[in-house]
Amino acid sequence: MILENTAESGEDSVADRHVLPAVAVGKIVGDKIREYVGSNPNPMVVLSFGRMVLDVKPASVVAAFSSRGPNNLTPQILKPDVIGPRGNILAGWIGVVEPSTVHTDTRTSPFNILSATFMSCPHISGLAALIKAAHPKWSPSAIKSALLTTAYTLDNTNTTLHEASVGAISIPWAHGAGHVDPQKALSHGLVYDASADDYITFLCSLNYTLEQIQTIAQNPNVNCSRRFSDPGQLNYPSFSILFRSKKRVVRYTRTLMNVGDANSDYSVVVDGPSVRTQILPLKIFLILIQFHSITHNSHYHFNILISLPHTQSMNQ
(Lines give C-alpha, C1' and ligand atoms only; values in the text may rest on other atoms or scores of the structure.)
Protein backbone atom coordinates (compact mmCIF):
# COMPACT_ATOMS: atom_id res chain seq x y z
CA MET A 1 0.00 0.00 0.00
CA ILE A 2 1.10 3.55 -0.76
CA LEU A 3 -0.42 6.05 1.66
CA GLU A 4 -0.49 9.63 0.38
CA ASN A 5 -0.92 12.63 2.64
CA THR A 6 -3.95 14.84 2.23
CA ALA A 7 -3.53 18.46 1.18
CA GLU A 8 -3.94 19.48 4.82
CA SER A 9 -1.08 17.21 5.96
CA GLY A 10 1.10 18.22 3.00
CA GLU A 11 4.68 17.05 3.45
CA ASP A 12 4.39 16.19 7.13
CA SER A 13 5.90 12.80 7.90
CA VAL A 14 3.95 10.59 10.29
CA ALA A 15 4.74 6.92 10.90
CA ASP A 16 1.76 4.55 11.18
CA ARG A 17 1.62 0.95 12.45
CA HIS A 18 0.33 -0.80 9.34
CA VAL A 19 -0.96 -4.37 9.12
CA LEU A 20 0.34 -4.83 5.57
CA PRO A 21 3.45 -3.70 3.65
CA ALA A 22 3.11 0.04 3.21
CA VAL A 23 4.97 3.27 2.60
CA ALA A 24 3.81 6.80 3.43
CA VAL A 25 4.57 9.71 1.10
CA GLY A 26 3.90 13.43 1.11
CA LYS A 27 1.37 15.20 -1.08
CA ILE A 28 3.88 16.20 -3.77
CA VAL A 29 5.32 12.69 -4.25
CA GLY A 30 1.85 11.19 -3.93
CA ASP A 31 0.51 13.31 -6.78
CA LYS A 32 3.44 12.23 -8.98
CA ILE A 33 2.68 8.59 -8.20
CA ARG A 34 -0.97 9.15 -9.07
CA GLU A 35 0.07 10.74 -12.36
CA TYR A 36 2.35 7.78 -13.13
CA VAL A 37 -0.34 5.22 -12.32
CA GLY A 38 -2.84 7.06 -14.49
CA SER A 39 -0.51 7.32 -17.47
CA ASN A 40 1.04 3.83 -17.43
CA PRO A 41 -1.11 0.79 -18.28
CA ASN A 42 1.21 -1.50 -16.27
CA PRO A 43 2.46 0.55 -13.31
CA MET A 44 4.98 -1.13 -11.03
CA VAL A 45 6.34 -0.20 -7.64
CA VAL A 46 8.96 -1.59 -5.30
CA LEU A 47 8.69 -1.06 -1.54
CA SER A 48 11.97 -1.38 0.32
CA PHE A 49 13.25 -0.36 3.73
CA GLY A 50 15.99 2.19 3.35
CA ARG A 51 17.67 3.14 6.60
CA MET A 52 17.17 5.10 9.76
CA VAL A 53 17.86 8.77 9.06
CA LEU A 54 19.54 10.85 11.75
CA ASP A 55 20.25 14.58 11.97
CA VAL A 56 17.23 15.45 9.84
CA LYS A 57 17.12 19.08 8.72
CA PRO A 58 15.22 21.21 9.30
CA ALA A 59 14.10 20.16 12.80
CA SER A 60 12.12 20.86 14.86
CA VAL A 61 9.09 21.57 12.67
CA VAL A 62 5.46 22.31 13.56
CA ALA A 63 3.21 19.32 12.87
CA ALA A 64 0.25 19.71 10.54
CA PHE A 65 -2.06 18.40 13.28
CA SER A 66 -0.76 20.80 15.94
CA SER A 67 -3.41 23.07 17.45
CA ARG A 68 -3.41 26.63 16.10
CA GLY A 69 -4.30 30.03 17.47
CA PRO A 70 -5.54 32.63 17.86
CA ASN A 71 -7.29 32.38 21.20
CA ASN A 72 -10.86 33.14 20.16
CA LEU A 73 -12.19 33.21 23.73
CA THR A 74 -9.50 35.52 25.13
CA PRO A 75 -7.52 36.96 22.20
CA GLN A 76 -5.37 39.02 24.58
CA ILE A 77 -3.64 35.79 25.67
CA LEU A 78 -1.46 34.30 22.95
CA LYS A 79 -2.15 30.65 22.19
CA PRO A 80 -0.68 28.12 21.78
CA ASP A 81 1.78 28.53 24.65
CA VAL A 82 4.62 26.29 23.44
CA ILE A 83 5.25 23.24 21.31
CA GLY A 84 7.11 20.06 22.22
CA PRO A 85 8.01 16.61 20.86
CA ARG A 86 4.85 15.20 19.32
CA GLY A 87 5.58 13.24 16.15
CA ASN A 88 6.91 9.72 15.58
CA ILE A 89 7.61 9.15 19.27
CA LEU A 90 9.23 5.73 19.72
CA ALA A 91 8.70 4.39 23.24
CA GLY A 92 7.80 1.36 25.34
CA TRP A 93 4.43 -0.28 24.77
CA ILE A 94 2.27 -2.63 26.80
CA GLY A 95 1.99 -6.04 25.19
CA VAL A 96 -1.75 -6.50 25.83
CA VAL A 97 -2.80 -4.04 23.12
CA GLU A 98 -2.05 -4.43 19.41
CA PRO A 99 0.50 -1.86 18.13
CA SER A 100 -1.87 -0.92 15.32
CA THR A 101 -4.89 -0.94 17.71
CA VAL A 102 -6.67 -3.08 15.08
CA HIS A 103 -8.33 -6.01 16.83
CA THR A 104 -7.50 -8.45 14.04
CA ASP A 105 -3.81 -7.62 14.42
CA THR A 106 -2.29 -10.50 16.41
CA ARG A 107 1.19 -9.01 16.72
CA THR A 108 2.67 -8.01 20.05
CA SER A 109 5.54 -5.62 20.61
CA PRO A 110 7.41 -4.11 23.58
CA PHE A 111 7.58 -0.78 21.74
CA ASN A 112 5.43 1.38 19.49
CA ILE A 113 5.58 4.68 17.57
CA LEU A 114 2.84 7.29 17.96
CA SER A 115 2.13 10.83 16.79
CA ALA A 116 -0.45 13.23 18.23
CA THR A 117 -0.99 16.04 20.68
CA PHE A 118 -1.31 13.40 23.42
CA MET A 119 2.36 12.56 22.83
CA SER A 120 3.41 16.17 23.40
CA CYS A 121 1.43 16.35 26.64
CA PRO A 122 3.52 13.80 28.60
CA HIS A 123 6.74 15.45 27.41
CA ILE A 124 5.65 18.90 28.66
CA SER A 125 4.20 17.43 31.87
CA GLY A 126 7.46 15.60 32.49
CA LEU A 127 9.43 18.80 32.00
CA ALA A 128 7.16 20.59 34.48
CA ALA A 129 7.76 17.81 37.02
CA LEU A 130 11.51 18.02 36.39
CA ILE A 131 11.49 21.78 37.03
CA LYS A 132 9.36 21.31 40.16
CA ALA A 133 11.87 18.77 41.47
CA ALA A 134 14.71 21.23 40.91
CA HIS A 135 12.72 24.21 42.27
CA PRO A 136 10.18 22.84 44.81
CA LYS A 137 8.98 26.32 45.85
CA TRP A 138 8.08 27.44 42.35
CA SER A 139 4.40 27.89 41.60
CA PRO A 140 2.74 26.35 38.51
CA SER A 141 2.76 29.80 36.89
CA ALA A 142 6.48 30.22 37.52
CA ILE A 143 7.16 26.80 35.98
CA LYS A 144 5.03 27.65 32.97
CA SER A 145 6.82 30.99 32.62
CA ALA A 146 10.21 29.28 32.65
CA LEU A 147 9.11 26.92 29.87
CA LEU A 148 7.69 29.73 27.72
CA THR A 149 10.43 32.31 28.11
CA THR A 150 13.26 29.86 27.40
CA ALA A 151 11.66 28.18 24.37
CA TYR A 152 13.52 28.43 21.08
CA THR A 153 12.19 29.60 17.70
CA LEU A 154 15.20 28.68 15.53
CA ASP A 155 15.64 25.16 14.13
CA ASN A 156 18.85 23.19 13.64
CA THR A 157 19.61 25.19 10.49
CA ASN A 158 19.48 28.42 12.53
CA THR A 159 16.37 29.63 10.74
CA THR A 160 12.87 30.28 12.06
CA LEU A 161 10.75 27.20 12.76
CA HIS A 162 8.87 25.87 9.73
CA GLU A 163 5.48 24.28 9.12
CA ALA A 164 5.98 20.57 8.38
CA SER A 165 3.02 20.45 5.99
CA VAL A 166 4.03 23.16 3.52
CA GLY A 167 7.54 24.15 4.55
CA ALA A 168 6.50 27.76 5.17
CA ILE A 169 7.82 29.86 8.04
CA SER A 170 5.87 29.18 11.22
CA ILE A 171 4.19 32.00 13.14
CA PRO A 172 3.41 32.47 16.87
CA TRP A 173 -0.18 31.30 16.29
CA ALA A 174 1.36 27.95 15.31
CA HIS A 175 4.32 27.57 17.68
CA GLY A 176 3.51 30.02 20.49
CA ALA A 177 6.65 30.98 22.37
CA GLY A 178 8.57 28.23 20.56
CA HIS A 179 9.81 24.71 21.23
CA VAL A 180 10.55 23.87 24.86
CA ASP A 181 14.19 23.76 25.99
CA PRO A 182 14.57 21.72 29.22
CA GLN A 183 18.12 22.77 30.08
CA LYS A 184 17.43 26.49 29.76
CA ALA A 185 14.16 26.22 31.67
CA LEU A 186 15.95 24.60 34.62
CA SER A 187 18.44 27.45 35.01
CA HIS A 188 16.18 30.42 34.43
CA GLY A 189 16.67 33.94 35.77
CA LEU A 190 13.37 35.85 35.60
CA VAL A 191 9.81 34.49 35.72
CA TYR A 192 6.31 35.92 35.40
CA ASP A 193 4.45 34.57 38.41
CA ALA A 194 0.70 34.59 39.07
CA SER A 195 -1.31 33.31 42.01
CA ALA A 196 -4.65 31.50 42.11
CA ASP A 197 -6.25 34.81 43.14
CA ASP A 198 -4.80 36.44 40.00
CA TYR A 199 -6.49 33.80 37.87
CA ILE A 200 -9.81 34.33 39.67
CA THR A 201 -9.48 38.04 38.87
CA PHE A 202 -8.76 37.05 35.28
CA LEU A 203 -11.86 34.85 35.09
CA CYS A 204 -13.96 37.64 36.58
CA SER A 205 -12.67 39.90 33.78
CA LEU A 206 -14.09 37.45 31.23
CA ASN A 207 -17.62 37.93 32.61
CA TYR A 208 -18.13 34.38 33.80
CA THR A 209 -20.92 34.08 36.35
CA LEU A 210 -19.92 33.87 40.00
CA GLU A 211 -21.34 30.35 40.15
CA GLN A 212 -19.16 29.28 37.22
CA ILE A 213 -16.03 30.79 38.79
CA GLN A 214 -16.74 29.16 42.15
CA THR A 215 -17.13 25.82 40.35
CA ILE A 216 -13.81 26.26 38.52
CA ALA A 217 -12.03 27.39 41.69
CA GLN A 218 -13.76 24.68 43.77
CA ASN A 219 -14.31 27.32 46.40
CA PRO A 220 -17.79 28.68 47.28
CA ASN A 221 -16.27 31.73 49.00
CA VAL A 222 -14.53 33.35 46.02
CA ASN A 223 -15.98 36.59 44.66
CA CYS A 224 -15.37 39.08 41.89
CA SER A 225 -14.37 42.05 44.02
CA ARG A 226 -11.39 42.50 41.67
CA ARG A 227 -11.40 42.56 37.89
CA PHE A 228 -8.75 43.47 35.34
CA SER A 229 -9.61 46.42 33.12
CA ASP A 230 -8.28 44.23 30.29
CA PRO A 231 -7.84 40.41 30.48
CA GLY A 232 -4.38 40.96 29.00
CA GLN A 233 -3.30 42.45 32.35
CA LEU A 234 -2.88 38.94 33.74
CA ASN A 235 0.81 38.54 34.58
CA TYR A 236 1.26 36.09 31.72
CA PRO A 237 4.58 35.40 29.94
CA SER A 238 3.08 36.43 26.58
CA PHE A 239 0.24 38.52 25.24
CA SER A 240 -1.51 39.69 22.08
CA ILE A 241 -2.53 43.24 21.28
CA LEU A 242 -6.02 44.19 20.11
CA PHE A 243 -6.83 47.62 18.68
CA ARG A 244 -10.58 47.99 18.93
CA SER A 245 -12.89 50.90 18.08
CA LYS A 246 -10.89 54.14 18.44
CA LYS A 247 -8.35 52.71 20.84
CA ARG A 248 -4.89 53.32 19.40
CA VAL A 249 -2.73 52.70 22.48
CA VAL A 250 -2.58 49.59 24.66
CA ARG A 251 -0.68 49.50 27.94
CA TYR A 252 0.11 46.32 29.82
CA THR A 253 1.83 45.95 33.17
CA ARG A 254 4.03 42.98 33.95
CA THR A 255 5.87 41.88 37.11
CA LEU A 256 9.08 39.89 36.92
CA MET A 257 10.51 37.84 39.77
CA ASN A 258 14.21 37.09 39.94
CA VAL A 259 14.80 33.39 40.65
CA GLY A 260 18.41 33.42 39.48
CA ASP A 261 21.57 34.77 41.03
CA ALA A 262 21.11 37.54 43.57
CA ASN A 263 23.57 39.84 41.80
CA SER A 264 22.33 39.85 38.23
CA ASP A 265 22.06 42.42 35.46
CA TYR A 266 19.26 42.21 32.87
CA SER A 267 18.35 44.52 30.03
CA VAL A 268 15.22 44.62 27.88
CA VAL A 269 15.60 44.32 24.12
CA VAL A 270 12.67 44.94 21.77
CA ASP A 271 12.82 42.94 18.56
CA GLY A 272 10.12 43.91 16.08
CA PRO A 273 9.79 41.10 13.51
CA SER A 274 8.83 41.89 9.93
CA VAL A 275 5.33 40.47 9.69
CA ARG A 276 2.63 41.07 7.12
CA THR A 277 -0.44 42.40 8.84
CA GLN A 278 -3.02 45.11 8.27
CA ILE A 279 -1.43 47.39 10.80
CA LEU A 280 2.16 47.65 9.51
CA PRO A 281 4.30 49.23 10.70
CA LEU A 282 3.49 48.44 14.32
CA LYS A 283 5.42 50.99 16.37
CA ILE A 284 6.50 49.74 19.78
CA PHE A 285 7.63 52.07 22.55
CA LEU A 286 9.37 50.46 25.50
CA ILE A 287 11.70 52.11 28.00
CA LEU A 288 15.03 50.32 28.33
CA ILE A 289 15.08 48.71 31.74
CA GLN A 290 18.11 47.39 33.55
CA PHE A 291 17.92 45.23 36.65
CA HIS A 292 21.04 46.15 38.61
CA SER A 293 22.08 43.70 41.34
CA ILE A 294 18.61 42.28 41.86
CA THR A 295 18.26 40.27 45.04
CA HIS A 296 16.96 36.72 44.84
CA ASN A 297 13.14 36.51 44.67
CA SER A 298 12.83 40.30 44.29
CA HIS A 299 10.12 41.71 42.01
CA TYR A 300 10.24 44.41 39.35
CA HIS A 301 7.23 46.06 37.72
CA PHE A 302 7.30 47.59 34.26
CA ASN A 303 4.86 48.90 31.66
CA ILE A 304 4.68 47.98 28.01
CA LEU A 305 3.15 50.67 25.79
CA ILE A 306 2.21 49.76 22.24
CA SER A 307 0.94 52.48 19.93
CA LEU A 308 -0.71 52.24 16.53
CA PRO A 309 0.38 55.05 14.14
CA HIS A 310 -2.47 57.35 13.10
CA THR A 311 -1.88 56.57 9.43
CA GLN A 312 -2.85 52.93 9.94
CA SER A 313 -6.29 51.31 9.94
CA MET A 314 -7.99 50.13 13.13
CA ASN A 315 -8.36 46.53 11.96
CA GLN A 316 -7.29 43.91 14.47
Side-chain angles (χ1 to χ4, degrees), residues 5 8-17 24 52-71 73-74 77-93 111-135 138-194 236-240 259 273:
N5 279 356
E8 183 179 21
S9 297
E11 301 310 301
D12 201 356
S13 176
V14 177
D16 290 307
R17 292 82 56 210
M52 180 178 291
V53 180
L54 302 177
D55 195 26
V56 176
K57 294 182 179 180
S60 300
V61 292
V62 182
F65 55 76
S66 185
S67 298
R68 300 300 199 272
N71 182 349
L73 181 62
T74 315
I77 302 297
L78 177 65
K79 291 292 178 178
D81 288 317
V82 288
I83 58 174
R86 58 40 178 163
N88 303 329
I89 305 301
L90 182 63
W93 184 254
F111 59 89
N112 202 354
I113 187 166
L114 298 175
S115 300
T117 305
F118 60 72
M119 292 310 300
S120 183
C121 180
H123 281 89
I124 304 299
S125 300
L127 292 181
L130 181 65
I131 296 173
K132 184 66 174 179
H135 305 283
W138 281 20
S139 69
S141 292
I143 293 172
K144 184 174 187 177
S145 174
L147 289 171
L148 265 66
T149 55
T150 57
Y152 62 83
T153 56
L154 298 180
D155 60 25
N156 58 358
T157 66
N158 203 35
T159 58
T160 304
L161 296 173
H162 285 72
E163 294 273 2
S165 57
V166 294
I169 295 294
S170 177
I171 62 174
W173 280 345
H175 61 245
H179 193 288
V180 288
D181 188 324
Q183 291 182 326
K184 287 186 177 180
L186 279 171
S187 56
H188 201 31
L190 299 172
V191 296
Y192 298 82
D193 202 3
Y236 208 73
S238 61
F239 58 85
S240 300
V259 293

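Keep in mind it's a predicted model, so treat the numbers as computed, not measured. Sequence positions, counted from 1, serve as the residue numbers for this chain.
Two residues are said to be in side-chain contact when any heavy atoms from C-beta on lie closer than 4.5 Å; His179 and Pro85 meet this criterion. Leu148 places a side-chain heavy atom less than 4.5 Å from the side chain of Ser238. Contact of the Asp55 side chain with the Asn156 side chain is registered, since non-hydrogen atoms from C-beta on lie closer than 4.5 Å. Using a 4.5 Å heavy-atom cutoff, the side chains of Asp81 and Ile124 are not in contact. Taking 4.5 Å as the limit, some side-chain heavy atom of Arg68 sits within range of a side-chain heavy atom of Val62. Side-chain atoms of Asn71 and Ser240, non-hydrogen and from C-beta on, never get closer than 4.5 Å to each other.
For the residue pair Asp193/Ser141, the side-chain donor-acceptor check at 3.5 Å is not satisfied. Side-chain N/O atoms of Asp181 and Thr150 include no donor and acceptor closer than 3.5 Å.
Side chain of Asp155 to backbone of His162: no donor-acceptor contact under 3.5 angstrom is found. Formation of a donor-acceptor pair under 3.5 Å by the Lys132 side chain with backbone atoms of Trp138 is found in this model. Without hydrogens or angle criteria, His188 side chain to Lys184 main chain gives no donor-acceptor distance under 3.5 Å.
Across all non-hydrogen atoms, the minimal contact from Thr149 to Leu190 is OG1-O, 4.3 Å. Of all heavy-atom pairs between Leu127 and Val180, the closest is CD1-CG2, 3.6 Å. Taking both residues in full, the closest heavy atoms of Gly69 and Pro80 are given as N-CD, 3.9 Å, listed atom of the first, atom of the second, then distance. Scanning both residues, Val82 and Ala177, for their nearest heavy atoms gives CG1-CB, 4.1 Å. Of all non-hydrogen atoms in Gly178 and Leu161, the two that sit nearest each other are CA-CD1, 4.5 Å. Minimum interatomic distance between Thr160 and Ser170 (heavy atoms only, all atoms of both residues): CG2-O, 4.1 Å.
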message: What verdict does the side chain to side chain contact (heavy atoms under 4.5 Å, CB included) test give for Trp93 and Leu114, after you've listed the backbone C-alpha separation in whole Å, the side-chain angles of each residue and the deciding distance to 0.1 Å?
response: CA-CA 10 Å; Trp93 184 254; Leu114 298 175; 3.8 Å; yes

query: Could you walk me through whether Glu11 and Asn5 pass the side chain to side chain contact (heavy atoms under 4.5 Å, CB included) check?
result: CA-CA 7 Å; Glu11 301 310 301; Asn5 279 356; 5.8 Å; no

- request: Kindly determine whether Ser165 and Asp12 satisfy side chain to side chain donor-acceptor pair (under 3.5 Å), including the steps that lead there.
  value: CA-CA 5 Å; Ser165 57; Asp12 201 356; over 6 Å; no

message: Please determine whether side chain to side chain contact (heavy atoms under 4.5 Å, CB included) holds for the pair Leu186 and Ile131, giving the CA-CA distance in whole Å, both sets of side-chain angles, and the decisive distance to 0.1 Å.
response: CA-CA 6 Å; Leu186 279 171; Ile131 296 173; 4.0 Å; yes

field: Working for side chain to side chain donor-acceptor pair (under 3.5 Å), residues Lys144 and Tyr192
entry: CA-CA 9 Å; Lys144 184 174 187 177; Tyr192 298 82; over 6 Å; no

message: Test side chain to side chain contact (heavy atoms under 4.5 Å, CB included) on Phe118 and Ile89; report intermediate values, then the result.
response: CA-CA 11 Å; Phe118 60 72; Ile89 305 301; over 6 Å; no

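A distance of 10.0 Å separates CD1 of Ile83 from OG1 of Thr153, quoted to the nearest 0.5 Å. In this structure, OG on Ser60 lies 8.0 Å from CZ on Arg86, to the nearest 0.5 angstrom. The CD1 atom of Ile113 sits 5.5 Å away from the CG atom of Leu90 when rounded to the nearest 0.5 Å.
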